[in-house]
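These notes are about the structure you will find just below.
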Amino acid sequence: GAGVSQSPRYKVAKRGQDVALRCDPISGHVSLFWYQQALGQGPEFLTYFQNEAQLDKSGLPSDRFFAERPEGSVSTLKIQRTQQEDSAVYLCASSLRDRRIQETQYFGPGTRLLVL
Amino acid sequence: AQSVTQPDIHITVSEGASLELRCNYSYGATPYLFWYVQSPGQGLQLLLKYFSGDTLVQGIKGFEAEFKRSQSSFNLRKPSVHWSDAAEYFCAVGAPDSNYQLIWGAGTKLIIKP
């Protein structure tokens, strides 16, 4: 079956622009995660959804970052007034059930964002 | 603070040679431990995980890892690497104050010499 997909795969934005990154999780997966991966680093947690509810947004670096999953499937990560430090790969992952660590997370290929 | 260290940024091995990627963690109790692989243009894929029990864990693609509590290590091994194993490998630890957040190492890039 289809895995997690993300679009666009690459995004170049001018500083100050708003961007929207899309994640299509595996169909039927309850949990959805967003991560930020800086160059040469491992992923860092941004936010977590269980169905349409955003249960944890503790990793969002500023109020310029906003995520939603209105119907419990597709999710969008929006970054307003982008800054150069936002340049990173944004990863989406989904898991079948709850967010317990025992549940395997399936990752998308990521969106590489470059802010000039 | 809890942390994960992958001491090697890059490792180069010849095709057919054995491989060991190092992972050390800092955590007070027995953590949940994971190895993921990230191939170019692909998402992170789970290779194997350790929660409890037998300290030698078998994973996909012929990989295995051994949990050594005394050394706070969870090293990844493969007896004979293939060119298709060239990728970046990440070790991750289950965060102690959260039952779902992972703490990730910085990754080790594996380069295969023909």
Side-chain angles (χ1 to χ4, degrees), chain A residues 1-10 21 23-26 29-50 53-60 88-112, chain B residues 1-10 21-27 29-53 57 59-60 74 76 87-109:
Chain A
V4 178
S5 61
Q6 293 185 244
S7 60
R9 294 292 308 280
Y10 303 93
L21 313 180
C23 172
D24 283 85
I26 295 173
H29 276 200
V30 167
S31 294
L32 186 144
F33 304 79
W34 282 100
Y35 294 86
Q36 181 188 60
Q37 186 177 18
L39 191 64
Q41 300 295 320
E44 291 203 3
F45 170 81
L46 293 178
T47 188
Y48 164 74
F49 288 86
Q50 184 170 301
Q54 187 175 21
L55 299 186
D56 188 340
K57 52 183 180 180
S58 63
L60 296 177
V89 176
Y90 291 85
L91 300 171
C92 176
S94 69
S95 65
L96 179 60
R97 292 185 288 257
D98 57 31
R99 55 181 168 175
R100 286 176 305 143
I101 214 149
Q102 296 91 326
E103 290 285 311
T104 297
Q105 292 185 28
Y106 296 87
F107 284 80
T111 294
R112 186 176 296 275
Chain B
Q2 288 69 33
S3 64
V4 178
T5 302
Q6 293 181 247
D8 304 303
I9 299 174
H10 300 98
L21 301 182
R22 295 182 291 165
C23 173
N24 293 93
Y25 63 88
S26 169
Y27 176 41
T30 300
Y32 294 159
L33 297 158
F34 304 80
W35 274 101
Y36 281 82
V37 59
Q38 188 174 37
S39 299
Q42 311 246 338
L44 285 155
Q45 182 182 21
L46 180 67
L47 284 175
L48 47 77
K49 58 189 175 185
Y50 172 80
F51 294 157
S52 64
V57 181
I60 62 170
F74 189 57
L76 182 71
E88 190 145 25
Y89 292 80
F90 291 91
C91 179
V93 173
D97 56 354
S98 159
N99 67 350
Y100 62 94
Q101 284 198 32
L102 294 175
I103 300 170
W104 296 78
T108 297
K109 186 172 184 178

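Fair warning: this is a prediction, and the values are worked out from it, not measured in the lab.
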Part of A/R112 within contact of chain B (heavy atom distance under 4.5 Å) |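 Neither part, no heavy atoms under 4.5 Å.
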Engaged part of A/S5 at the chain B interface, taking heavy atoms whose separation is under 4.5 Å |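 For A/S5, there is no contact with chain B at all, as no heavy atom is under 4.5 Å.
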Minimum heavy-atom distance B/W104-A/P43, with the two atoms named =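 Scanning both residues completely, I find the closest heavy atoms to be CD1-O, 3.1 Å.
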Would you say that more than 12 heavy atoms from the other residues, nucleotides or ligands in this model lie under 6.0 Å from the [atom1] of [X], or not?
{"X": "B/I9", "atom1": "CD1", "answer": "no"}
{"X": "B/I60", "atom1": "CD1", "answer": "yes"}
{"X": "A/R97", "atom1": "CZ", "answer": "no"}
{"X": "A/E44", "atom1": "CD", "answer": "no"}

Hey, could you give me the CD/CZ distance between B/Q101 and A/F33, rounded to the nearest 0.5 Å?
->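 Interatomic distance, B/Q101 CD to A/F33 CZ, rounded to 0.5 Å: 9.0 Å.
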When rounded to the nearest 0.5 angstrom, what distance separates CG in B/L46 from OH in A/Y106?
->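 Here the interatomic distance stands at 8.0 Å.
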Name every donor-acceptor pair, under 3.5 Å, that has one atom in a side chain of residues 34-42 of chain B and the other anywhere in the protein, sequence neighbours excluded.
unit_1 : atom_1 : unit_2 : atom_2 : d
B/W35  : NE1    : B/F74  : O      : 2.7
B/Q38  : OE1    : A/Q37  : NE2    : 3.3
B/Q38  : NE2    : A/Q37  : OE1    : 3.3

Derivation of the side chain to side chain contact (heavy atoms under 4.5 Å, CB included) call for A/T104 and B/K49 = CA-CA 9 Å; A/T104 297; B/K49 58 189 175 185; 3.3 Å; yes
